[in-house]
Amino acid sequence: MKFGTKAIHAGIEPDPSTGAIMTPIFQTSTYVQSAPGNHHGFEYARTQNPTRSVLEKNLAALENGLDAICFASGLAAMDAVMKTLAPGDEIISTNDLYGGSYRQMVRVYGKFGIQAKFVDMTKPVNVKKAISKKTKLIWIETPTNPMLNIVDIAAICDIAKEKGVMTCVDNTFASPYLQNPLDMGADIVLHSATKYIGGHSDVIHGCVVVKDQALADQFHFLQNATGAVPGPQDCFLILRGIKTLHLRVERACSNAAKVAQFLLSHPKVSSVNYPGFRTHPGHKVAKKQMRDFGAMVSFDLHANNMEAATKVLSGTKLFSLAESLGGVESLIGHPASMTHASIPKEERMKVGLTDSLIRLSIGIEDVEDLIADLDQALALFP
Ligand SMILES: *Cc1c(COP(=O)(O)O)cnc(C)c1O
């Protein structure tokens with residue numbers, strides 16, 4: 001089955017009790033047993049919920065995995081991955097990691113004796129050099145946020161395999177439509193389904209997808225044992241969002257390419273980060289591992305200051321100033337004060353995350369309107 005067909009059909013059967021074509025929202029906390037231990041495979045809704053099970057089957061198919069395990073948010077899914085580690089273990093991660101992931105690694109798990117090392121993963125050799133006997137997990141994010149750097153997933157997974165280290169790819173920015181890390185050798189794929197997978201900015205949700213039964217069992221154990229499960233209504237909304245994932249991402253990518261081109265030729269813009277440009281250092285790798293170049297674009301201003309950036313950020317009318325990404329509507333954001341505020345300034349500046357860097361999540365509106373909106377906002381400062 002190809003992607004669009006899987007999005008609509010994989011794991012989804014009409015409800016056997018009613019014929020409902022859409023997976024019902026099983027809003028129940030428990031299930032009746034006719035005799036002790038005699039039930040329909042469902043006992044208590046932290047452990048199993050039919051709406052969630054259908055979603056998990058569907059997500060597994062989208063990432064070409066064996067199983068998916070859903071959580072209440074992307075960071076709750078990450079928390080489960082972190083709980084597969086033990087005190088003394090080390091993680092190697094990218095130096096421009098999503099701010100919330102950085103915070104969890106350093107400020108939550110640092111306390112429990114798990115140490116994270118951050119390297120420039122665009123050069124796989126840096127990962128090789130950083131691996132020690134204690135390294136148990138390599139955490140990849142690509143494209144990265146907000147610099148849109150590209151990490152070669154297959155190259156890093158090869159290095160990890162040689163050393164017997166587990167790999168997890170945060171695939172949120174690409175979505176399963178653009179990139180399938182399990183096929184490239186990764187052990188775990190993680191999504192903040194809050195973003196492209198849900199796609200409508202109306203739900204917080206996360207998942208991991210794996211191809212190995214033992215790992216799947218471990219995550220189902222953690223899902224039940226630590227309890228950060230999504231509610232059935234949220235699972236329903238994610239299932240609904242997935243039905244148009246391929247259409248939304250296709251349109252958003254095509255819009256993003258045009259917006260990036262517009263920004264590149266704008267006299268007030270000093271640089272544009274978009275992996276679709278042939279001049280982008282990760283372009284070749286992106287072309288190899290992604291179906292398209294994604295719908296995230298970030299750019300910097302010649303007027304290298306917060307005041308100019310603020311004019312643009314508060315001057316757009318269609319682009320809403322908000323955290324998050326991957327919804328049908330276009331968003332504009334200021335990484336330095338929003339998504340990346342928890343990262344120390346010196347760390348930010350090292351990777352080019354300046355105070356005037358602006359991040360766009362391109363939606364599925366008509367691109368002419370998006371470009372006109374940016375054009376008028378860029379005219380608001382000298
Ligand atoms: C949003 C996001 C997360 C966290 O997901 P939540 O659903 O907000 O908990 C993790 N990684 C990336 C790349 C994200 O964009």
Side-chain angles (χ1 to χ4, degrees), residues 55 59 63 68-83 91 93-109 116 118 121 137-151 153 167-179 181 186 188-209 223 226-231 234-235 237-238 241-242 249 252 273 275 290 294-298 322-327 331-335 338-343 351 353 359-363:
L55 174 59
L59 285 166
E63 281 289 9
I69 302 89
C70 289
F71 294 90
S73 68
L75 286 184
M78 174 182 180
D79 189 64
V81 177
M82 297 298 289
K83 282 176 177 142
I91 308 170
S93 187
T94 59
N95 61 358
D96 59 345
L97 190 65
Y98 171 74
S101 307
Y102 177 92
R103 184 175 54 202
Q104 184 176 132
M105 262 179 211
V106 173
R107 292 182 54 196
V108 179
Y109 282 95
F118 300 94
M121 274 201 187
L137 177 66
I138 295 176
W139 186 279
I140 302 168
E141 192 184 308
T142 182
T144 67
N145 177 29
M147 300 310 294
L148 286 317
N149 287 316
I150 301 293
V151 175
I153 298 172
T167 44
C168 177
V169 179
D170 183 336
N171 204 25
T172 302
F173 263 44
S175 89
Y177 179 59
L178 296 183
Q179 179 170 280
I188 306 166
V189 172
L190 178 137
H191 281 284
S192 167
T194 310
K195 317 294 167 55
Y196 288 102
I197 292 182
H200 295 74
S201 308
D202 53 9
V203 58
I204 298 281
H205 190 104
C207 70
V208 292
V209 189
Q223 182 190 42
T226 67
V229 294
D234 289 354
C235 292
L237 286 170
I238 297 293
I242 287 172
V249 174
N273 303 307
M290 298 174 76
M296 298 300 295
V297 177
S298 63
E323 308 237 8
S324 201
L325 60 119
L331 299 179
I332 190 165
H334 185 233
M338 296 166 81
T339 48
H340 289 64
S342 56
I343 297 180
V351 299
L353 208 162
R359 188 189 85 171
L360 304 176
S361 167
I362 308 295

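Every number for a ligand or one of its atoms is a count from 1 in the order of the listing.
Evaluation of the side-chain contact (heavy atoms from CB on, under 4.5 Å) rule for Ala72 yields no partner, not counting sequence neighbours. Among residues two or more places apart in sequence or in another chain, the side-chain contact (heavy atoms from CB on, under 4.5 Å) test is passed with Ala193 by Ile197, His205, Ile238. Remark: Lys195 engages no residue in a salt bridge (Lys or Arg N to Asp or Glu O under 4.0 Å) (not counting sequence neighbours).
Ring centroid separation for the pair Tyr196 and Tyr177 does not come in under the 6.0 Å cut-off.
In this structure a side-chain-to-backbone donor-acceptor pair under 3.5 Å is missing from Ser361 to Leu331. With His191 contributing its side chain and Ala77 its backbone, the two residues share no donor-acceptor pair below 3.5 Å.
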Please tabulate protein-ligand N/O pairs under 3.5 Å for ligand 1, atom names and distances to 0.1 Å.
{"from": "ligand 1", "atom 1": "5 (O)", "to": "Ser192", "atom 2": "OG", "distance (Å)": "3.0"}
{"from": "ligand 1", "atom 1": "7 (O)", "to": "Gly74", "atom 2": "N", "distance (Å)": "2.8"}
{"from": "ligand 1", "atom 1": "7 (O)", "to": "Ser192", "atom 2": "OG", "distance (Å)": "2.8"}
{"from": "ligand 1", "atom 1": "7 (O)", "to": "Thr194", "atom 2": "OG1", "distance (Å)": "2.7"}
{"from": "ligand 1", "atom 1": "9 (O)", "to": "Gly74", "atom 2": "N", "distance (Å)": "3.0"}
{"from": "ligand 1", "atom 1": "9 (O)", "to": "Leu75", "atom 2": "N", "distance (Å)": "2.8"}
{"from": "ligand 1", "atom 1": "11 (N)", "to": "Asp170", "atom 2": "OD2", "distance (Å)": "2.7"}
{"from": "ligand 1", "atom 1": "15 (O)", "to": "Lys195", "atom 2": "NZ", "distance (Å)": "2.8"}

